[in-house]
*Asks:* 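Once you've had a glance at the structure underneath, I'll fire off some questions.
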Amino acid sequence: MRAVVTALGLAALVAAGGAVQAKPKLTPQERLDKLLEGRTAGKPTTCISSADTRDMEVFDGVALVYRSGSTLWVNRPANPEKLDSDDILVIRPTGSQLCRLDMVQTVDRMGHFTTGFINLSDFVPYRRTAQAAR
């Protein structure tokens with residue numbers, strides 16, 4: 001009896017599956033644009049504190065985004081095509097800050113071999129606008 005109920009439930013899910021529309025997948029640039037909605041770019045800086053920027057997200061082929069409190073620091077590398085969220089980023093800062101000239105190596109997650117290097121650029125802070133903060 002349990003098998004019949006399970007089979008009927010699965011059949012109903014399959015029949016309803018045709019009516020469900022999948023959302024179109026956003027490109028990395030579209031995802032970044034959505035993340036930055038309601039924020040205003042500030043003055044670019046060459047370095048950010050590495051202690052305050054533990055949360056980092058890779059937008060494949062576009063940018064790195066570091067979160068520091070309510071500020072998003074966006075770095076659009078000179079060679080963004082090397083950015084791949086499937087790679088591990090090995091960052092070797094020269095001090096307590098992450099700077100535009102620091103070496104960032106990309107390493108394959110499965111094979112652990114070097115896949116390239118990222119050339120960081122200036123970090124642009126994005127903060128919520130007064131209207132978006134409400």
*Asks:* Apply the test side chain to side chain contact (heavy atoms under 4.5 Å, CB included) to residues V58 and D84: give CA-CA distance (whole Å), side-chain angles for both, the deciding distance (0.1 Å), then the verdict.
*Replies:* CA-CA 7 Å; V58 176; D84 184 348; over 6 Å; no
*Asks:* Report the distance from atom CH2 of W73 to atom OG of S49, rounding to the nearest 0.5 Å.
*Replies:* 10.0 Å
*Asks:* Who pairs with S85 by side-chain hydrogen bond (donor to acceptor under 3.5 Å, both in side chains), at least two apart in sequence or on another chain?
*Replies:* D60
*Asks:* Go through the structure and list residues passing side-chain hydrogen bond (donor to acceptor under 3.5 Å, both in side chains) with R67, not counting sequence neighbours.
*Replies:* D55
*Asks:* With ILVMFWY side chains joined below 4.5 Å, transitively, what does L35's cluster contain besides itself?
*Replies:* L32, L36, F59, V62, V65, L72, V74, V124, Y126
*Asks:* Please identify each residue that fulfils side-chain hydrogen bond (donor to acceptor under 3.5 Å, both in side chains) with D33, with sequence neighbours left out.
*Replies:* Q29
*Asks:* Can you check whether T71's main-chain N or O pairs, donor with acceptor, with S68's side chain at less than 3.5 Å?
*Replies:* no
*Asks:* Go through the structure and list residues passing side-chain hydrogen bond (donor to acceptor under 3.5 Å, both in side chains) with E57, not counting sequence neighbours.
*Replies:* R31
*Asks:* Going by side chain to side chain contact (heavy atoms under 4.5 Å, CB included), name the residues that satisfy it together with T115, two or more places apart in sequence or in a different chain.
*Replies:* D87, T106, D108, F113
*Asks:* The criterion is side chain to side chain contact (heavy atoms under 4.5 Å, CB included); which residues satisfy it with N79, sequence neighbours excluded?
*Replies:* P77, E81, K82, I118, N119
*Asks:* Let me have the donor-acceptor pairs involving side chains of residues 96-104, under 3.5 Å, with sequence neighbours excluded, atom names and distances please.
*Replies:*
from : atom 1 : to   : atom 2 : distance (Å)
R100 : NH1    : D122 : OD1    : 2.9
D102 : OD1    : T94  : N      : 3.4
D102 : OD1    : T94  : OG1    : 3.4
D102 : OD2    : C99  : N      : 2.7

*Asks:* Which residues pass the side chain to side chain contact (heavy atoms under 4.5 Å, CB included) test with K34, not counting sequence neighbours?
*Replies:* L26, E37
*Asks:* Quick check: does any side chain N or O of R128 sit under 3.5 Å from a backbone N or O of R39, one acting as donor and the other as acceptor?
*Replies:* no
*Asks:* Members other than V107 in its cluster, when Ile, Leu, Val, Met, Phe, Trp, Tyr link by side-chain heavy atoms under 4.5 Å?
*Replies:* I88, V90
*Asks:* Is there a continuous path of hydrophobic side-chain contacts, each under 4.5 Å between heavy atoms, that joins I91 to I48?
*Replies:* yes
*Asks:* Is there side-chain contact between T40 and R127, with at least one heavy-atom pair below 4.5 Å?
*Replies:* no
*Asks:* With rounding to the nearest 0.5 Å, note down the distance linking CD in Q105 to CZ in F117.
*Replies:* 4.5 Å
*Asks:* Quick one: does S121's side chain have a donor or acceptor within less than 3.5 Å of a partner on R76's backbone?
*Replies:* yes
